Novice: 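Take a look at the following structure, please.
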Amino acid sequence: MAKQATLQAIRGMDDVLPQGYSGEVYNSASWTALRRLYCEWVELHGFRYVETPVLESTELFKRTAGETSDIVSKEMYTFEDAGGRSLSMRPEGSASVCRAVVQHGLAASGGDLRLYYVAQMFRAERPQKGRYRQHTQLGLEIFKEADPTADAEAIAILFHFLRRLGLKQVAVQINSVGSPACRPAYREKLVAYLRQHEEKLSEDSRRRLETNPMRVLDSKAPQDAGIVAGAPVIADFLDEECAAHYAGVKAALDALEVPYEENPRLVRGLDYYSKTAFEVTCGTLEGAIKVIGGGGRFDGLIEQIGGPPTEAVGFGSSIERILLALESQGIALPQPDRPKARMAFFDDSTKIEALKLARALREAGIEVEFPYRSRSLTKMMQAANKAGVRFVVIVGGEEWGRGEVLLKDFDGGSQTAMAVGNVAAAILDSHRRSPA
RNA sequence: GCGGGUGUAGCUCAGUAGGUUAGAGCACUGGAUUGUGGUUCCAGGGGUCGCGGGUUCGAAUCCCGUCAUCCGCCCCA
């Protein structure tokens, strides 16, 4: 029989394992901590959680991200299902959320609508550090609000979230990419300018000149730098509405104490942005993965998928990138502050009593491991030490006969006999007095 | 899609003038200590050296192919 190839995870789609089983950066403890902190933070701003399916009709992303965008043209996982429908795994979050908003009429009544998500995104690109085929985005969207303070608040929520994690060198870049009303005029001027230098542009930029000229501004090719630097700037072409909006965003950012840098060449990879576009970078990361979050306004998106005209602004960030940023600065996320204990018993006579006591301790908010099988006390103690718990609750036959158990505190090594009913309080008290 | 690096134990890695049964540290299991952890000591389990083919008396080592993986570019979060 032929040797079976070892089954392993798909390239670029990684398992996230508990600490001690995998690399320090992506372990499930920091993963869940970051996700929990994000949820708490955005719920504090009145956002509510939405979850949309991983698979959507391919048409959705073609209509929103734009068929010429890199993401849709070459990075989507697309396939046909048994019924011949073309499905795609979501490459980004906003399109799905907008689809759900339209489908369920979430924008039909009431005032603004604030939604957030924590969701895996999929892009068939070459994996490397900080870039994966499956990554997890922290995102949010504000619908039905045209006011620039909404843009500013979205930016501020992300910025202050990162700062509260303890990250330094977090920088915000903003730009206005105009609206369908004023962008065409700029675009014309830009194309005319770029055509003058076409023969000196990189191959990619010449291609984008045809498909999506504003992306040329985003080129990293050294040979394009000089040309891009001399290109017309969109700020000079914004109409009254866009200019006023942009000014409003900046004023609100000032009020929210979000430092920012204006970058007139900032253009996002998705075609649907209007007015505000922004990126958040971390200075202790290198290259393209410096960008740990980005977003902007996409007022036309809901209309593009058949809904009523609906304003929208939001951002997407990345758990992976944030964890890399934290790691680059030696920051550990706070873990739940609970006392941890392990039960010990050395024969089956007290096993069931220990099991019942473990349950009672958990009900009291103590994290308790139960060893399932009796072994020598030495083994029980070794196991408890290895598990990293502070307390061991020893349910021995002798003490149990008197209605007592032994509480061992590894922190200091004291061991005290006490009535069964007092153990939970004793553990909680010791923990409160000197949290490990 | 393009360029480079690396594949030896669960993990991190030694191991080439080709040469007995392939090593270390950590981790794991048992014992010293059958009612008391950490430190220490002793013992043990675990590898078709990524896979396939070739050269050779002999291949982890040399050659070819292949797969996997990491890093960088493009692009993104």
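All values below were derived from every heavy atom in this structure, side-chain atoms included, with hydrogens, water molecules and symmetry-related copies excluded. Just so you know, these numbers come straight off a predicted model, no measurement behind them. Lettering follows sequence order; numbering is per chain, from 1.
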Novice: Would you call the rings of A:Tyr372 and A:Phe370 parallel, tilted or perpendicular if under 30° counts as parallel and over 60° as perpendicular?
Specialist: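 If you compare the ring of A:Tyr372 with that of A:Phe370, the planes turn out perpendicular.
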
Novice: Work out how far the C1' atom of B:rU20 is from that of B:rC13, and round it to whole angstrom.
Specialist: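 Each nucleotide's C1' atom is 25 Å from the other's.
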
Novice: Watson-Crick or G-U wobble partner for B:rU29, using a 3.5 Å limit on both distances?
Specialist: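 Paired with B:rA43.
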
Novice: Using a heavy-atom cut-off of 4.0 Å across all strands, would you classify A:Gly397 as base, sugar-phosphate, or nothing?
Specialist: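 Base, at least one base heavy atom under 4.0 Å.
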
Novice: If only side-chain N and O atoms count, and only distance matters, is there a donor-acceptor pair under 3.5 Å linking A:Arg297 with A:Ser179?
Specialist: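 No donor-acceptor contact under 3.5 Å links the two side chains.
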
Novice: Determine whether a donor-acceptor pair (one donor, one acceptor, N or O, separation below 3.5 Å) exists between the side chain of A:Glu125 and the base of B:rA77.
Specialist: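 Result: at least one qualifying N/O pair found.
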
Novice: If I take atom OG from residue A:Ser328 and atom CD from residue A:Glu286, how far apart are they, to the nearest 0.5 angstrom?
Specialist: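 Reported value, rounded in 0.5 Å steps: 9.5 Å.
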
Novice: What is the distance, rounded to the nearest whole Å, between atom CZ of A:Arg208 and atom C1' of B:rC75?
Specialist: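 Atom CZ in A:Arg208 sits about 8 Å away from atom C1' in B:rC75.
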
Novice: Rounded to whole angstroms, how far apart are CZ on A:Arg133 and P on B:rC75?
Specialist: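 For the pair A:Arg133 CZ and B:rC75 P, the rounded distance is 18 Å.
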
Novice: How about A:Tyr116 and A:Tyr49: are their ring centres within less than 6.0 Å of each other?
Specialist: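 Yes.
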
Novice: Between B:rA77 atom P and A:Arg268 atom CZ, what is the distance in whole Å?
Specialist: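 One finds 4 Å between P of B:rA77 and CZ of A:Arg268, rounded.
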
Novice: On RNA chain B, does the nearest nucleotide to A:Ser376 precede the nearest nucleotide to A:Ser317 from the 5' side, or the other way round? Give the residue.
Specialist: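 Closer to the 5' end of RNA chain B: A:Ser376.
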
Novice: Using a cut-off of 4.0 Å on non-hydrogen atoms, how would the nucleic acid contact of A:Lys379 be classed: base, sugar-phosphate, or nothing?
Specialist: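 Sugar-phosphate, no base atom in range.
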
Novice: Between the base of B:rG35 and the side chain of A:Glu399, is there a donor and acceptor pair under 3.5 angstrom?
Specialist: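 Such a pair exists between side chain and base.
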
Novice: Between A:Gly396 and A:Val267, which is nearer to the 5' end of RNA chain B once each is assigned its nearest nucleotide?
Specialist: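 Its nearest nucleotide being more 5', the pick is A:Gly396.
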
Novice: Under a 3.5 Å limit for both distances, which nucleotide forms a Watson-Crick or G-U wobble pair with B:rC57, could you say?
Specialist: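 B:rC57 is paired, partner B:rG19.
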
Novice: Looking at B:rU34, which nucleotide sits across from it as a Watson-Crick or G-U wobble partner, both distances under 3.5 angstrom, or is there none?
Specialist: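 Check on B:rU34: unpaired, no WC or wobble geometry under 3.5 Å.
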
Novice: Which part of the nucleic acid, if any, lies within contact of A:Gln415, taking any heavy atom under 4.0 Å across all strands shown: a base, the sugar-phosphate backbone alone, or nothing?
Specialist: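 Base contact.
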
Novice: Under 6.0 Å between ring centres, would you say that holds for A:Tyr273 and A:Phe278?
Specialist: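 Not under 6.0 Å, so no.
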
Novice: Can you find a side-chain donor-acceptor pair between A:His431 and A:Asp337 that sits under 3.5 Å?
Specialist: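 Yes, A:Asp337 and A:His431 have a side-chain donor paired with an acceptor closer than 3.5 Å.
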
Novice: To the nearest Å, how far apart are A:Phe345 CZ and B:rU34 C1'?
Specialist: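 Distance, rounded to whole Å: 16 Å.
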
Novice: How far does the C1' atom of B:rG46 sit from the matching atom of B:rA9, given to the nearest Å?
Specialist: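 About 6 Å, rounded to a whole number of Å.
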
Novice: At under 4.0 Å between heavy atoms, what does A:Arg375 touch on the DNA or RNA strands: base, sugar-phosphate, or nothing?
Specialist: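 Sugar-phosphate contact only - A:Arg375 comes under 4.0 Å of backbone atoms but never of a base.
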
Novice: Tell me: CG of A:Leu323 to C1' of B:rA77, nearest whole Å?
Specialist: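 After rounding, the reported distance stands at 12 Å.
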
Novice: Between B:rA60 and B:rU21, how many Å separate the two C1' atoms, rounded to a whole number?
Specialist: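 It comes out at 15 Å once rounded to the nearest Å.
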
Novice: Write down the distance separating the C1' atoms in B:rG23 and B:rU8, rounded off to the nearest Å.
Specialist: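 Between the two C1' atoms, the distance is 10 Å.
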
Novice: Provide the distance between the two P atoms, one in B:rC64 and one in B:rU55, to the nearest whole Å.
Specialist: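 Per the computed distance, 15 Å lies between those P atoms.
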
Novice: Suppose we define a pair by two distances each less than 3.5 Å, Watson-Crick or G-U wobble; what does B:rC75 pair with here?
Specialist: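 By the stated definition (distances under 3.5 Å), nothing pairs with B:rC75.
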
Novice: Contact class for A:Ile319 vs. all strands (heavy atom < 4.0 Å): base, sugar-phosphate, or nothing?
Specialist: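 Contact class for A:Ile319: none.
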
Novice: Ignoring hydrogens and angles, state whether a donor on the side chain of A:Thr281 or A:Gln173 is under 3.5 Å from an acceptor on the partner side chain.
Specialist: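 Judged by distance alone, the side chains do not pair up.
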
Novice: State plainly whether the residues A:Arg114 and A:Glu153 are in salt-bridge range, i.e. N to O under 4.0 Å.
Specialist: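 Salt bridge between A:Arg114 and A:Glu153, a charged N being under 4.0 Å from a carboxylate O: yes.
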
Novice: Rounded to the Å, how far apart are A:Met13 CE and B:rA77 C1'?
Specialist: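 About 15 Å, once rounded to whole Å.
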
Novice: For atom CD1 of A:Ile10, is the number of surrounding heavy atoms from other residues, nucleotides or ligands below 6.0 Å larger than 12?
Specialist: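 Not more than 12 within 6.0 Å, no.
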
Novice: In whole angstrom, give the distance that lies between atom CD of A:Glu75 and atom C1' of B:rC73.
Specialist: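 Those two atoms, CD and C1', are 13 Å apart.
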
Novice: Do the charged groups of A:Arg195 and A:Glu210 touch, with an N to O distance under 4.0 Å?
Specialist: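 Looking at A:Glu210 together with A:Arg195, the answer is yes, because their closest N to O distance falls below 4.0 Å.
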
Novice: In whole Å, what separates the C1' atom of B:rC71 from that of B:rC63?
Specialist: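 Approximately 27 Å lies between the C1' atom of B:rC71 and that of B:rC63.
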
Novice: Considering Watson-Crick and G-U wobble pairs with both distances under 3.5 Å, what does B:rU6 pair with?
Specialist: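 In the structure as shown, B:rU6 has B:rA68 as its Watson-Crick or wobble partner.
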
Novice: Give the rounded distance in Å between these two atoms: CD of A:Glu398 and P of B:rU36.
Specialist: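 Computing the A:Glu398:CD to B:rU36:P distance gives 12 Å.
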
Novice: Between the protein and nucleotides 37-45 of chain B, list the N/O to N/O atom pairs that are separated by less than 3.5 angstrom.
Specialist:
residue: B:rG37; atom: O2'; partner: A:Asn385; partner atom: ND2; Å: 3.4
residue: B:rG37; atom: N2; partner: A:Asn385; partner atom: OD1; Å: 3.1
residue: B:rG37; atom: N3; partner: A:Asn385; partner atom: OD1; Å: 3.4
residue: B:rG38; atom: O4'; partner: A:Asn385; partner atom: ND2; Å: 3.1

Novice: Between B:rU6 and B:rA17, how far is it from one C1' atom to the other, in whole Å?
Specialist: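 Between the two C1' atoms, the distance is 25 Å.
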
Novice: Salt-bridge test for A:Lys340 and A:Glu369: reply yes if a basic N is under 4.0 Å from a carboxylate O, no otherwise.
Specialist: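 Salt bridge: no.
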
Novice: For A:Leu87, which of A:Leu60, A:Leu55, A:Thr78, A:Val54 qualifies under side chain to side chain contact (heavy atoms under 4.5 Å, CB included)?
Specialist: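 Only one of A:Leu60, A:Leu55, A:Thr78, A:Val54 forms a side chain to side chain contact (heavy atoms under 4.5 Å, CB included) with A:Leu87, namely A:Leu55.
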
Novice: Say you pick atom P in B:rG44 and the same atom in B:rA24; how far apart are they, in whole Å?
Specialist: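 Straight-line distance between the two P atoms is 11 Å.
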
Novice: What pairs of nitrogen or oxygen atoms, one from the protein and one from nucleotides 67-72 of chain B, lie under 3.5 Å apart?
Specialist:
residue: B:rU69; atom: OP2; partner: A:Arg11; partner atom: NH1; Å: 3.3
residue: B:rC71; atom: OP2; partner: A:Lys129; partner atom: N; Å: 3.1
residue: B:rG72; atom: OP2; partner: A:Gln128; partner atom: OE1; Å: 3.2
residue: B:rG72; atom: OP2; partner: A:Lys129; partner atom: N; Å: 3.3

